[in-house]
S.K.: 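Before I ask anything, let me first share the structure, which is written out below as structure tokens.
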Amino acid sequence: MHSLYLIAHVNGSCIAIESDLIESIVHVPDVVPVPTCDRSVAGLFALRSRVLTLIDTQFLITGVPQQAKKGALAVIVDIAGHQYGLLVDKVEDVIPVAGEQFENNIRPSHEWERLVSRTASVNDRLVMILDTSALVGGQTAMAA
Amino acid sequence: MDDLLEDFIAETRETLEALISQLVEWERNPQDRELLDSVFRFVHTVKGSCGFLDLPRLLRLSHAAEDVLSSARSETLLASTDLVSAVLAVIDRISTLTDALESGDAVYDDDADLIDAMLAFLPSEAVEPGDVQSLNEFIEEIEHEERISKGKARTVRVSLALVDKLMSGVSDMVLARNEVSRQLRKAGLNAEVEHSFARLSASVAEMRDAVGMMRMQNIDRLFSSLPRLLRDISIELGKEIELHIEGSEVEVDREMVEALRDPLSHILRNAADHGIENAAERRAAGKNPVGNIRIVARQSGNQILIEVIDDGRGINLEKLGMRAIALKAVTAAEWSKMSERSQLHTIFTPGLSTADQVTSISGRGVGMDVVRTNLQNIGGTIELENAEGRGLKMTLRLPLTLSIIAGLSVRAGDQLFGISRSSVVEILSISNANVRIEDLGGMRVASIRGERFPFKSLESLLGIDEVATTGSSRTLIVMRPAIGATFVLDVAGVIDNEELVVKPGAPLVMASGLFAGTSLPDNGRPMLLLDASGLAAAIGVDMVEQSDQRESASMPSEKIQKRPSALLFVAMDGRKRAIRLSAIDRMEDVEASQIQYIGGKMRVCIDGALSDLADIDSAPAGGLVKLLKLTDGQTSVYLAVEDVLDIFTIDAEIVPSAFPHYHEGVIDAFGEPVELVNIFQYFEMSDTRHSGHSAPLCYLDCADDAYWERSILAPLLIASGYEVSFDSKDQPHAAVVLHRDDGQAAGDSRSLHLRDSTHVLPGGVSSIYRYDRVGLISAIEEKLAGRA
């Protein structure tokens with residue numbers, strides 16, 4: 001069974017996001033910070049008449065907040081009825097990944113473990129498939 | 001087939017909603033042919049569709065109901081409570097089955113019992129299923145329906161998803177328009193482009209309003225189920241209660257109707273069960289044995305008010321207090337110190353009920369707290385007005401729509417935040433003389449006109465940096481959240497007053513509890529909406545205690561506010577003066593060109609009417625002039641001022657002035673003495689046209705071509721404030737009759753003679769030289785005074 005995945009780069013690593021969840025890829029306009037909020041939230045931005053939450057994916061991995069600049073690249077996904085923008089360094093391509101490509105024995109590094117559901121080998125390299133719902137759970141679990 | 005079935009379900013449900021209240025009405029007026037007709041028409045339609053769609057159970061039920069109703073229509077059967085109950089049971093079953101059709105649930109089949117119960121009312125000879133008569137009925141029915149449907153507005157059914165899509169599409173359009181407007185401004189203006197853009201803007205705005213209307217629904221959809229509910233309750237309780245509904249035409253947001261359904265029926269249930277006494281008790285209290293519950297809906301600004309008024313026993317505060325103390329919600333000492341209002345509000349305590357016994361309808365103590373919570377969830381409030389022994393009035397206040405709030409945008413640091421205006425009590429500058437910031441062991445407290453409130457800056461609450469602003473001082477917002485105590489929020493500035501479309505925020509954003517959602521104002525930058533209750537919690541005031549203290553503390557200050565207030569302004573001569581606020585109708589800014597010296601005094605032309613303008617000597621060269629419109633109830637005059645400063649209460653003594661004509665006296669305003677302007681002076685010279693009294697009528701007895709009377713005397717009299725007539729028909733009721741020369745009609749005490757010579761007429765007839773203006777006017781006044 002083939003599913004389509006978007007290959008993107010986060011903090012220099014190659015990741016994949018299930019394409020069914022993705023609505024679009026945009027350059028974010030002005031980002032409005034959200035005070036007193038979980039630090040994984042980079043802020044709010046407007047996409048047409050909607051207000052979306054921008055997730056600082058790099059912070060979730062490295063613990064270092066990324067400067068969310070106007071024009072940064074974000075993947076728009078719908079998670080549990082809310083729309084989010086996931087900050088990515090760059091996007092590559094949408095490719096099909098078949099069941100036999102999943103690698104069951106290879107676990108990602110400690111930082112990535114919580115955000116990655118599994119890994120797969122695509123075009124002779126390993127990509128981590130993001131568990132999108134873990135991305136919007138905040139960093140509280142990360143601290144442990 | 002599926003489409004047909006869906007249509008059938010939707011249509012049946014819709015008609016049912018509208019029908020329920022008519023059934024109850026019918027029970028009260030069994031003779032009302034129209035009500036009976038509409039009930040019959042419903043059952044008949046259901047029957048027709050069921051036959052077509054092959055739904056045997058519904059068919060049997062509707063057919064039986066149709067039989068009974070047609071007998072009632074042919075007057076072989078009279079509607080009674082029992083009959084209506086039986087018909088209602090069948091109609092309820094129809095509704096259950098319709099719901100089951102959609103959900104696919106099974107409904108236990110005891111339809112036969114229901115049908116038998118209903119058919120038992122029929123006179124025996126009429127029980128003949130599918131009798132010949134029904135065909136004629138059917139034809140008659142179709143004709144009838146055609147007659148009725150002509151007047152109705154045509155509607156189409158549209159899915160909600162489509163409406164929502166349209167709504168967000170229009171929002172996009174508005175944002176796109178704003179973007180274009182920004183670009184146009186940047187690129188420089190071209191009159192033609194500007195004109196077309198204005199047209200586009202207008203039609204976009206119109207469209208937004210229209211789409212907004214699509215979400216609106218008649219509140220009758222909410223009210224239509226209430227008569228049935230009350231009927232069922234009153235039968236169960238054995239009480240007779242009348243329900244009056246007013247304002248069914250008020251329109252509310254569709255989601256609001258759903259959100260209000262439960263709270264409203266709960267309130268109604270409580271009113272019928274606890275509020276309304278039984279007939280014997282009511283008679284003993286000298287009341288109409290039939291209880292009365294009124295539900296009134298109306299729109300007031302951007303709020304919907306729903307009042308539920310019963311004429312029952314009201315709330316017994318003593319009993320309520322005992323319950324509350326027994327429940328340990330308050331201590332006896334606390335109770336005795338509480339204001340009546342906060343005592344009343346203990347009925348919202350979970351688990352509290354004043355009912356002596358628990359009934360199946362209410363009295364289990366779950367209820368009013370849930371009602372209030374439900375209302376608060378949709379941004380509403382509930383107020384009680386208790387008249388013990390005479391009834392209770394509950395007022396629900398709701399925002400007009402759930403998705404659009406009247407908001408204020410405020411600045412904190414370098415960011416904007418939205419606040420719902422409904423929780424804002426007052427906005428004042430921190431430099432206002434009525435404000436004092438006190439330090440209480442490190443905690444800051446704002447004291448406004450002697451009332452103390454917890455106080456915090458929005459920046460410190462949100463943990464963002466204050467950005468120092470030069471020139472403007474910070475602003476205080478007194479906020480009263482739906483839950484929690486009043487507090488004062490200190491913000492860098494209040495920016496704007498706008499309608500905000502509320503959008504839900506992601507869970508991560510909402511987690512802090514400080515935000516109520518997000519919004520996208522016209523500038524296209526997302527904005528966070530602050531949650532007043534969340535802020536109150538973050539400030540960390542002990543809510544319950546605090547609110548009681550505040551109320552008891554506010555009692556004396558309310559009395560102070562009853563004292564007269566005055567407006568401090570800078571007069572045109574540059575001096576600060578005060579004027580009583582009660583005399584000011586409003587403030588207006590007018591163009592200098594509207595002001596001119598004409599007809600001997602300064603006047604201002606506003607909306608095409610000339611009014612007197614005081615305290616200004618000459619029209620300024622240009623720009624705007626601030627005016628205060630003063631009124632004495634009948635006449636208005638304008639007072640020009642340099643600037644308006646502040647409002648304060650006249651607390652201290654008024655020191656008498658040396659020129660009482662100009663100043664009532666000298667008072668203290670924010671620590672400095674100012675003159676309190678005497679308002680009287682502005683009205684004594686004002687023009688008398690609008691004084692409201694009819695001018696005394698002077699009849700001029702002269703020939704039709706008398707030049708002097710018509711061209712010289714009449715204008716003088718009119719200018720002096722008299723009415724003038726040359727018509728002899730007016731002579732009998734004229735106040736003064738003026739003659740020239742001769743001494744006829746000397747017997748009339750009203751007559752006044754005018755002579756051509758400066759010398760007194762011979763013969764002792766009293767007369768006045770016709771060019772003696774002062775003498776003439778005073779003679780007329782003497783005549784008027786003598787007559788009075």
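Residue numbers start from 1 in every chain, and the chains themselves are labelled A, B, ... in the order their sequence lines are given, proteins ahead of strands. Worth saying up front: this structure is predicted, and the values here are computed from it rather than measured. Computed from heavy atoms alone, side chains included, the values below leave out hydrogens, waters and symmetry copies.
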S.K.: What part of Leu416(B) lies closer than 4.5 angstrom to a heavy atom of chain A: side chain, backbone, both or neither?
M.R.: neither
S.K.: Which atom pair, heavy atoms only, marks the closest approach of Thr53(A) to Ala506(B)?
M.R.: OG1-CB, 3.4 Å
S.K.: Do any N or O atoms from the side chain of Gln415(B) and from the backbone of Val32(A) form a donor-acceptor pair under 3.5 angstrom?
M.R.: no
S.K.: Give the minimum heavy-atom separation between Pro35(A) and Phe417(B), together with the two atoms involved.
M.R.: CG-CZ, 3.8 Å
S.K.: Which one of Val41(A), Val34(A), Leu52(A) has the most heavy-atom pairs closer than 4.5 Å to chain B?
M.R.: Val34(A)
S.K.: Once you round to the nearest 0.5 Å, how far does CG of Leu44(A) lie from CE of Met527(B)?
M.R.: 11.5 Å
S.K.: Does any backbone or side-chain atom of Pro33(A) lie under 4.5 Å from a heavy atom of chain B? Answer side chain, backbone, both or neither.
M.R.: both
S.K.: Shortest non-hydrogen contact from Leu462(B) to Thr36(A)?
M.R.: O-CG2, 3.2 Å
S.K.: Show every side chain to side chain donor-acceptor pair (under 3.5 Å) that has at least one partner inside residues 5-17 of chain A, sequence neighbours left out.
M.R.: His9(A)-Glu92(A)
S.K.: Compare every heavy atom of Pro526(B) with every heavy atom of Ala46(A), then report the nearest pair and how far apart it is.
M.R.: N-CG, 3.5 Å
S.K.: Under a 4.5 Å heavy-atom cutoff, which of Ile464(B), Thr518(B), Leu514(B) has the most pairs with chain A?
M.R.: Thr518(B)
S.K.: Compare every heavy atom of Gly505(B) with every heavy atom of His82(A), then report the nearest pair and how far apart it is.
M.R.: CE1-O, 3.3 Å
